[in-house]
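Since the structure comes first, as structure tokens, the remarks are kept for the end.
These numbers were taken from a predicted model, which means no experiment stands behind them.
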Amino acid sequence: MPIMLPLTLLGIGYLIYQIFAGAALALPIALGIGAGFGASHLGCPPLLAVVIGLLVFLAVIGTSRFAALKLASPYARTALAALFAIPAALAGYSVAHALGWLVGGTGIIAGLVGAALCAAIAAHRLMRPAI
């Protein structure tokens, strides 16, 4: 029984970290969902709309990875990082605000902290991509 509390806290902390780190993919996910819904509204079958959304998601990730590795100008790299950091901050704010509201009363403060953390994580991941 004494081991359950630390393991539970570690598990919940790791889950929250993964949610905030996953917020760095907010832009590709939003574009993929938008492309999938757009294809569906144009009359594509559901499976084809899902495939189109997945291809757009992968294309955005691929082009941003290529651009992050090939851009030499610090201004262009900063603009690319901001392009990913702003949606990540919005997603992080939403998640942290919801978690803060569930805990009770600290939704706005937790949301602002979460937004700052998600923006920093997204910018860091884009400025130093894994090869």
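Nearest approach of Ile52 to Ala39, heavy atoms of both residues: CD1-CB, 3.8 Å. Ala82 and Pro87 get closest at one heavy-atom pair: O-CD, 4.5 Å.
Listed for the Arg77 side chain is no donor-acceptor partner under 3.5 Å among the backbone atoms of Ala72.
Atoms CG and OG, from Leu80 and Ser64 in turn, are 6.5 Å apart once rounded to the nearest 0.5 Å.
Looking at residues two or more places apart in sequence or on another chain, you find a side chain to side chain donor-acceptor pair (under 3.5 Å) between Tyr14 and Gln18. Applying the side chain to side chain contact (heavy atoms under 4.5 Å, CB included) test to Ile86 and every residue at least two apart in sequence or in another chain returns nothing. Partners of Ala76 under the side chain to side chain contact (heavy atoms under 4.5 Å, CB included) rule, at least two apart in sequence or in another chain, are Leu71, Ser73. Applying the side chain to side chain contact (heavy atoms under 4.5 Å, CB included) test to Ala79 and every residue at least two apart in sequence or in another chain returns nothing.
Side-chain contacts under 4.5 Å among hydrophobic residues (ILVMFWY), followed directly or transitively, place Leu25 together with Ile29, Ile33, Phe37, Leu54, Phe57, Leu58, Ile61. Within the hydrophobic cluster formed by Ile, Leu, Val, Met, Phe, Trp and Tyr side chains joined at under 4.5 Å, directly or through other members, Tyr75 stands alone, with no partner residue.
Val60 and Leu55 are not part of a single hydrophobic cluster, where members link through side-chain heavy atoms under 4.5 Å apart.
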